[in-house]
Amino acid sequence: MIKTDVLIIGAGPTGLFTVFEAGLLKLKCHLIDALAQPGGQCSEIYPKKPIYDIPAFPEILAGTLVDNLMEQIKPFEPGFTMGERAETLDKQEDGSFIVTTNKGTEHHAAVVVIAGGLGSFEPRKPPISNIVDFEDKGVAYMIKDPEVYRDKKVLIAGGGDSALDWAIFLADVASEVSLVHRRKEFRGALDSVEKARELAKLGKIKLFTEAEVKTLYGDDHLEAVVVKHNDAEKGETYVEVDQFIPLFGLSPKLGPIGDWGLEIERNAIKVNNAKDYQTNIPGVFAIGDVNTYEGKLKLILSGFHEAAVMCQYAYQIINPDKRFVMKYTTVGGVTGFDGSKKEAKKEVVQSIS
Ligand SMILES: Cc1cc2nc3c(=O)[nH]c(=O)nc-3n(C[C@H](O)[C@H](O)[C@H](O)COP(=O)(O)OP(=O)(O)OC[C@H]3O[C@@H](n4cnc5c(N)ncnc54)[C@H](O)[C@@H]3O)c2cc1C
């Protein structure tokens with residue numbers, strides 16, 4: 001059982017910044033995310049796009065924003081359960097919660113913060129009748145640890161950046177990499193397309209374009225796939241593989257959170273925005289894109305503000321007998337759980353009279 005003060009569901013920008021705000025109040029955080037990497041929509045949908053409305057950053061790439069948030073929260077040593085979806089929420093007699101993931105990992109916390117954005121991203125699965133039989137037995141829809149594929153025969157399907165980038169990366173890790181795409185042209189970044197074609201020429205990637213994976217074979221584990229070519233003359237190719245990774249993108253769904261007894265309005269969680277962003281379940285907060293209230297703006301800066309407010313109230317739940325006095329970071333500095341310090345600087349402020 002993982003124990004923490006504040007359990008955050010969703011490691012998007014809102015969830016990540018919550019770690020910082022909670023850390024200032026000496027509250028320890030743990031994050032759960034269904035994706036393999038942190039950053040939510042910023043990492044998954046638009047890492048290379050510039051954002052122009054983050055205060056004090058005239059322009060910042062979404063991916064860089066996530067990197068900076070990860071750097072900012074490092075001193076507060078958050079825990080991560082990545083690649084797992086929060087499935088159930090059970091309130092305990094003492095008011096605390098146990099949240100269990102789809103993989104059975106249990107987390108115990110006094111306060112739960114839902115920062116689930118558009119919901120958990122569910123992989124788009126190709127229409128192959130027996131694909132579910134091979135899930136976790138040779139079929140995976142995201143790559144969490146590339147080392148799993150070392151010296152294995154891997155077949156990736158898809159035509160976007162994920163499929164190209166992983167095919168290129170695994171060319172140096174796996175014993176054999178095949179890339180199957182149903183069209184002739186790829187949708188990914190031009191340099192990735194060129195690199196993949198270059199590796200294909202060198203024989204490091206087997207490229208099948210205008211083709212689709214149709215059938216999977218194996219007993220307890222995947223052993224082979226059949227690739228069907230659009231060109232009837234080329235027919236079908238039988239490819240022996242250990243791992244099949246369809247990377248067809250992800251679609252967001254509020255998912256299991258919708259069954260937790262929370263007040264939901266148009267696929268978002270209603271909160272008390274006049275006070276603390278708490279939901280109808282005391283001790284459960286909802287912040288960022290996942291919540292709704294009158295005047296809600298689904299922007300990154302809204303999530304940051306809501307995190308700051310919400311943490312003050314989480315502190316009161318966790319420390320009912322202590323009074324908290326807010327200090328500016330310029331006054332109190334930042335002291336990480338690792339003992340690292342960013343001291344407040346006492347400087348003489350000159351006043352102009
Ligand atoms: C193309 C595009 C451009 C955008 N441009 C801007 C912009 O310029 N400026 C701006 O302010 N905003 C922009 N946005 C919106 C911005 O990305 C969102 O407001 C922001 O990502 C919300 O952050 P969040 O942390 O609340 O949610 P998200 O980023 O959606 O992260 C939520 C995380 O929760 C996880 N999750 C959900 N449910 C579960 C569960 N049950 N178990 C485990 N994990 C779960 C998800 O996997 C996800 O990683 C843009 C969005 C898009 C798509």
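Both counts, for ligands and for their atoms, begin at 1 and track the order of listing.
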Is ligand 1 under 4.0 Å from a heavy atom in the side chain of [X], in the backbone, in both, or in neither?
{"X": "Ile9", "result": "side chain"}
{"X": "Ile257", "result": "side chain"}
{"X": "Lys298", "result": "backbone"}
{"X": "Asp53", "result": "side chain"}
{"X": "Glu87", "result": "neither"}
{"X": "Ala115", "result": "backbone"}

Side chains of residues 68-76: which donor-acceptor pairs under 3.5 Å do they make with residues two or more places apart or in other chains?
| unit_1 | atom_1 | unit_2 | atom_2 | d |
| --- | --- | --- | --- | --- |
| Glu71 | OE1 | Lys74 | NZ | 3.4 |

So, regarding Asp289 and ligand 1 (criterion: nitrogen or oxygen to nitrogen or oxygen, under 3.5 Å), is there a contact or not?
yes
Before giving the answer on side-chain contact (heavy atoms from CB on, under 4.5 Å), spell out for Lys228 and Thr215 the whole-Å C-alpha distance, their side-chain angles and the decisive distance to 0.1 Å.
CA-CA 9 Å; Lys228 187 168 185 267; Thr215 322; over 6 Å; no
Qualifying ring pair (Phe, Tyr, Trp, His ring centres under 6.0 Å) pairs with a residue from residues 257-282, counting only residues at least two apart or across chains:
Tyr277-Tyr293
Just by distance, do the side chain of Gln92 and the backbone of Asp90 share a donor-acceptor pair under 3.5 Å?
yes
Would you please test Glu21 and Gln312 for side-chain hydrogen bond (donor to acceptor under 3.5 Å, both in side chains) and show each step?
CA-CA 9 Å; Glu21 287 294 326; Gln312 311 291 316; 4.8 Å; no
For atom 21 (O) of ligand 1, which candidate among Lys49, Met82, Gln37, Gln41 provides the closest heavy atom?
Gln41
Check each of Pro13, Gly117, Gly288 against atom 23 (O) of ligand 1 and report the one with the nearest heavy atom.
Pro13
Using heavy atoms and a 4.0 Å limit, tell me yes or no: is Glu84 in contact with ligand 1?
yes
Report yes or no: does Gly303 have a heavy atom closer than 4.0 Å to ligand 1?
no
Using side chain to side chain contact (heavy atoms under 4.5 Å, CB included) as the criterion, point out the one residue from Val19, Ile287, Ile114 that pairs with Ile8.
Val19
Please walk me through it: do Asp242 and Glu176 pass side-chain contact (heavy atoms from CB on, under 4.5 Å)?
CA-CA 10 Å; Asp242 302 305; Glu176 201 176 289; over 6 Å; no
Would you say OH of Tyr217 has more than 12 non-hydrogen atoms from neighbouring residues, nucleotides or ligands within 6.0 angstrom?
no
I need the nearest protein heavy-atom contact for [atom]: residue, atom name and distance, please.
{"atom": "atom 43 (C) of ligand 1", "answer": "Ala34 N, 3.3 Å"}
{"atom": "atom 25 (O) of ligand 1", "answer": "Thr14 N, 3.0 Å"}
{"atom": "atom 35 (C) of ligand 1", "answer": "Asp33 OD2, 3.3 Å"}
{"atom": "atom 41 (N) of ligand 1", "answer": "Ala86 O, 3.3 Å"}
{"atom": "atom 8 (O) of ligand 1", "answer": "Ile51 CG2, 3.4 Å"}
{"atom": "atom 38 (N) of ligand 1", "answer": "Ser120 N, 3.1 Å"}
{"atom": "atom 11 (O) of ligand 1", "answer": "Ile300 N, 2.9 Å"}
{"atom": "atom 17 (O) of ligand 1", "answer": "Tyr46 OH, 2.5 Å"}

Going through the checks in order, is the side-chain contact (heavy atoms from CB on, under 4.5 Å) test met by Met1 and Ile98?
CA-CA 9 Å; Met1 175 92 73; Ile98 292 179; 3.7 Å; yes
Asp5 and Val111, any side-chain heavy atoms less than 4.5 Å apart
no
Is the shortest heavy-atom distance from the side chain of Glu77 to the side chain of Lys28 under 4.5 Å?
yes
Would you please classify the geometry between the Trp166 ring and the Phe169 ring as parallel, tilted or perpendicular, with 30° and 60° separating the classes?
perpendicular
